[in-house]
Protein chains: 2
Amino acid sequence: MKKINSLGYEVVFDNELDELQSFLIDHDYSQLLILVDRNTNDHCLPQLQAFIPDIVDYDIIEVDPGEENKNIDFCIGVWKTMLDFGADRKSLMLNLGGGVVTDMGGFAASTYKRGIDFIHVPTTLLSQVDASVGGKTGIDLDNIKNIIGTFTQPKAVFISNKFLETLDDRQIRSGFAEVIKHGLIKDKQLFERCMNVKLPVLPEEMVYDSVMIKNEVVLEDPTEKGLRKILNFGHTIGHAIEGYSLYHDQEPLLHGEAIAIGMICEAFISYRENNLPESELETIVNYIKGIYPAYPIDQAIYPTLIELMRNDKKNESNQLGFALLRSIGDCDFNKYAEEDMIVESLDYYNQVIK
Amino acid sequence: MKKINSLGYEVVFDNELDELQSFLIDHDYSQLLILVDRNTNDHCLPQLQAFIPDIVDYDIIEVDPGEENKNIDFCIGVWKTMLDFGADRKSLMLNLGGGVVTDMGGFAASTYKRGIDFIHVPTTLLSQVDASVGGKTGIDLDNIKNIIGTFTQPKAVFISNKFLETLDDRQIRSGFAEVIKHGLIKDKQLFERCMNVKLPVLPEEMVYDSVMIKNEVVLEDPTEKGLRKILNFGHTIGHAIEGYSLYHDQEPLLHGEAIAIGMICEAFISYRENNLPESELETIVNYIKGIYPAYPIDQAIYPTLIELMRNDKKNESNQLGFALLRSIGDCDFNKYAEEDMIVESLDYYNQVIK
Ligand SMILES: NC(=O)c1ccc[n+]([C@@H]2O[C@H](COP(=O)([O-])OP(=O)(O)OC[C@H]3O[C@@H](n4cnc5c(N)ncnc54)[C@H](O)[C@@H]3O)[C@@H](O)[C@H]2O)c1
Ligand SMILES: NC(=O)c1ccc[n+]([C@@H]2O[C@H](COP(=O)([O-])OP(=O)(O)OC[C@H]3O[C@@H](n4cnc5c(N)ncnc54)[C@H](O)[C@@H]3O)[C@@H](O)[C@H]2O)c1
Ligand SMILES: [Zn+2]
Ligand SMILES: [Zn+2]
């Protein structure tokens with residue numbers, strides 16, 4: 001068992017989740033609510049129940065799976081179900097699922113009766129290496145990602161790789177994009193280790209190492225006034241593509257798949273505007289495009305994408321803000337790029353995936 | 001000009017609002033959004049504009065007036081309008097209105113892009129003496145009052161009695177209920193001064209004194225773990241009646257009118273369960289019922305009211321929690337009452353208003 005100390009709570013890595021049961025018993029919560037989506041209800045809840053055999057009294061709140069349901073309508077449904085279950089201020093919400101469940105459950109809990117405690121048991125690679133740590137909660141509005149949310153820390157995070165067994169390869173690959181990102185922005189060695197991984201299997205300690213990197217950044221800047229912005233590498237463009245795809249594609253891109261595209265574009269901008277060496281750009285691009293499916297982007301939608309970027313949370317005063325690499329393992333924030341440069345980067349992406 | 005220091009911000013009492021303009025100029029906000037309802041747009045915005053002649057660049061967000069619009073649908077409308085105006089993380093929201101505008105605007109701001117700054121310029125007596133101070137934001141869901149919200153402090157509050165000139169007597173009376181409450185729970189002298197007031201005119205310093213009392217309580221217990229619960233005197237029963245009235249009456253009770261009923265009922269419970277002297281009960285009841293309209297409560301709706309009380313935020317584990325007076329000017333919290341006692345108190349109310 002390993003632990004990482006985050007902002008007033010622990011991230012516990014333990015495949016048997018031994019400490020979860022004692023956490024629940026030791027804390028004097030009036031009620032336990034478990035938020036799941038249909039998939040984690042089927043695949044993860046039985047596992048969770050086996051981990052906490054002495055806890056038999058809880059209520060289940062189930063939502064439909066998928067990013068398209070990480071919205072205010074489902075959130076209202078969660079709030080109303082909490083009310084129906086008579087949840088009071090001393091209730092605990094346990095979010096069992098991927099980033100959609102942890103983001104939306106965290107938001108619902110942080111605003112229900114002006115805030116009740118919640119913990120995360122992340123069940124996707126993405127939520128284990130990234131979404132469950134750092135205190136960002138949120139939901140989408142229209143197709144603007146995470147536009148409504150709070151900074152609220154969970155009371156604990158419990159990570160077990162057992163949950164990953166039922167996750168399909170595409171989801172593993174999606175989550176892996178955030179591991180790559182953590183390497184690119186802060187740990188060249190981690191990036192090099194990524195290049196040696198034969199997906200969909202990855203070494204257990206990579207999850208831990210990835211959380212370590214994210215946590216270091218978050219501890220220094222919890223509310224994203226500065227340094228934390230480097231975690232958005234790939235996300236300015238990636239979020240716009242993700243939001244667009246969600247509304248327009250039959251089978252939308254997953255978060256990590258969109259971020260992978262965003263990382264290629266933003267690595268290109270880093271090369272052009274922030275002295276990222278061309279050889280490193282090529283290493284990054286060749287590696288990423290080898291893992292993720294090509295997604296040709298019609299030039300006709302560029303203006304829509306740029307509009308979505310403007311609406312993104314991180315953009316102040318209509319300037320388009322970016323985190324840009326200086327080299328692999330080193331990232332700057334509060335960089336700005338012109339529309340032309342973004343268009344060039346999208347063209348570049350279309351070019352390299354040919 | 002007077003000032004009160006609250007949780008990291010100042011409450012400024014100044015009829016000319018001289019400091020508001022310099023606050024806006026000194027802070028480096030990217031954008032100013034002013035939230036109004038239709039009435040404050042008509043009656044208060046011109047006044048505000050006169051106070052800040054050098055500030056000409058802002059966007060107005062208007063909502064429909066009234067408690068029935070303090071809900072998630074209107075909040076979504078506010079969020080979307082903020083997006084349309086391109087509000088970013090460095091925008092400031094100025095809430096110009098009564099408790100509905102300050103509560104909902106505070107909530108919308110505290111969750112937009114995970115939180116932007118906001119200030120309050122309260123324009124009703126109720127919001128000046130109570131709602132604008134203390135950091136509670138919130139909206140109603142179905143007819144459950146303030147069930148969704150956050151604890152987030154404004155960056156400043158600016159109070160001018162000029163705004164009250166256009167407020168009708170019924171609203172003044174409603175707001176005055178919270179002044180009475182502040183006297184009852186913590187300041188016998190203030191309560192006695194209340195009894196000498198000839199509504200709808202009240203001495204200016206009463207607003208200040210009322211905020212002082214609320215602020216003292218809030219500073220000691222910002223997130224209502226203990227002492228702050230005394231501010232809920234009258235509200236356990238009052239909120240239920242307010243929520244009920246909102247859904248069922250052609251012309252619903254105002255917040256303070258419902259709280260006045262709640263204070264009579266809860267004073268009765270205080271007498272029966274918390275040693276409030278009978279003579280003081282009579283003083284309180286005779287005084288309050290002399291100011292507020294009688295609102296006979298059909299016994300058939302008692303179960304609905306009790307159900308609403310159960311759903312109220314402040315109730316942990318299905319026990320019905322109350323703040324109960326020990327004497328005028330002295331209040332206890334974490335008191336519990338049985339359903340029978342609540343029924344008796346409603347009967348008592350029906351009796352005394354005959
Ligand atoms: N809060 C943050 O800091 C942060 C960071 C990164 C990403 N995110 C958010 O996370 C979301 C993406 O997370 P995600 O990729 O985990 O998405 P997700 O929650 O939608 O999970 C992906 C799919 O896998 C299913 N699933 C989950 N666990 C499973 C399991 N163990 N076995 C089988 N199926 C399982 C889910 O039902 C879903 O269909 C995005 O909304 C993104 O914005 C948030
Ligand atoms: N956050 C808190 O701590 C707190 C405390 C007490 C009450 N509240 C909330 O406050 C709300 C009640 O506040 P309220 O009574 O101010 O209600 P309100 O905001 O609805 O205002 C009452 C009416 O007066 C109008 N109005 C406002 N200012 C005016 C002016 N200067 N001239 C003419 N008309 C004007 C409004 O448009 C509205 O129609 C309730 O929702 C209650 O829950 C919150
Ligand atoms: Zn991400
Ligand atoms: Zn009140």
Side-chain angles (χ1 to χ4, degrees), chain A residues 28-31 71-73 75-80 82-91 103 106-116 135-139 141-152 222-225 229 307-308 310-319 321, chain B residues 28-31 71-73 75-80 82-91 103 106-116 135-139 141-152 222-225 229 307-308 310-319 321:
Chain A
D28 186 26
Y29 290 110
S30 60
Q31 193 174 352
N71 60 33
I72 189 69
D73 296 326
C75 185
I76 292 172
V78 172
W79 284 327
K80 290 192 176 174
M82 293 168 84
L83 267 177
D84 287 344
F85 284 137
D88 65 29
R89 280 191 179 168
K90 289 193 175 154
S91 303
D103 275 14
F107 180 66
S110 73
T111 51
Y112 180 79
K113 303 197 178 191
R114 299 203 181 88
I116 65 167
K136 280 191 178 180
T137 77
I139 54 174
L141 195 64
D142 296 337
N143 49 352
I144 317 289
K145 291 266 310 165
N146 303 326
I147 196 71
I148 304 304
T150 61
F151 283 105
T152 315
T223 55
E224 202 169 306
K225 303 277 183 245
K229 294 180 186 180
E307 188 51 33
L308 285 169
R310 288 209 186 290
N311 273 334
D312 203 38
K313 292 167 309 309
K314 292 169 293 296
N315 291 304
E316 285 154 14
S317 305
N318 274 333
Q319 289 183 290
Chain B
D28 186 26
Y29 291 110
S30 60
Q31 192 173 351
N71 60 33
I72 188 68
D73 296 327
C75 186
I76 292 171
V78 173
W79 284 328
K80 289 192 177 176
M82 294 169 82
L83 266 177
D84 287 345
F85 284 137
D88 65 29
R89 279 192 180 168
K90 289 192 175 152
S91 304
D103 276 14
F107 180 66
S110 72
T111 51
Y112 179 78
K113 303 197 177 191
R114 299 204 181 88
I116 65 167
K136 281 192 178 181
T137 78
I139 54 174
L141 195 64
D142 295 339
N143 49 352
I144 318 289
K145 290 268 308 166
N146 303 327
I147 196 71
I148 304 304
T150 60
F151 284 105
T152 315
T223 55
E224 202 169 304
K225 304 277 183 245
K229 294 181 187 180
E307 187 52 32
L308 286 169
R310 289 208 185 288
N311 273 333
D312 203 37
K313 291 165 309 310
K314 293 168 292 296
N315 290 305
E316 285 155 14
S317 306
N318 277 333
Q319 290 183 290

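All heavy atoms count here, side chains included; hydrogens, waters and symmetry mates do not. So you know, we letter chains A, B, ... as the sequences are listed, proteins then strands, and number each from 1.
Neither the backbone nor the side chain of D84(A) comes within contact range of chain B; no heavy atom of the residue lies under 4.5 Å from a heavy atom of that chain. No part of T152(B) comes within reach of chain A, as not one of its non-hydrogen atoms sits under 4.5 angstrom from that chain. Contacts between S110(B) and chain A at a heavy-atom distance below 4.5 Å involve the backbone alone (N, CA, C, O). For L83(B), the parts lying under 4.5 angstrom from a heavy atom of chain A are both the backbone and the side chain.
Taking the side chain as every heavy atom from C-beta outward, N311(A) and I147(A) never approach each other to under 4.5 Å.
Taking both residues in full, the closest heavy atoms of Y112(B) and W79(B) are given as CE1-O, 3.9 Å, listed atom of the first, atom of the second, then distance. The nearest pair of heavy atoms linking V78(B) to A108(B) is CG1-CB, 3.8 Å.
Under 4.0 Å is where a charged nitrogen must lie from a carboxylate oxygen, and between R114(A) and E224(B) no such pair does.
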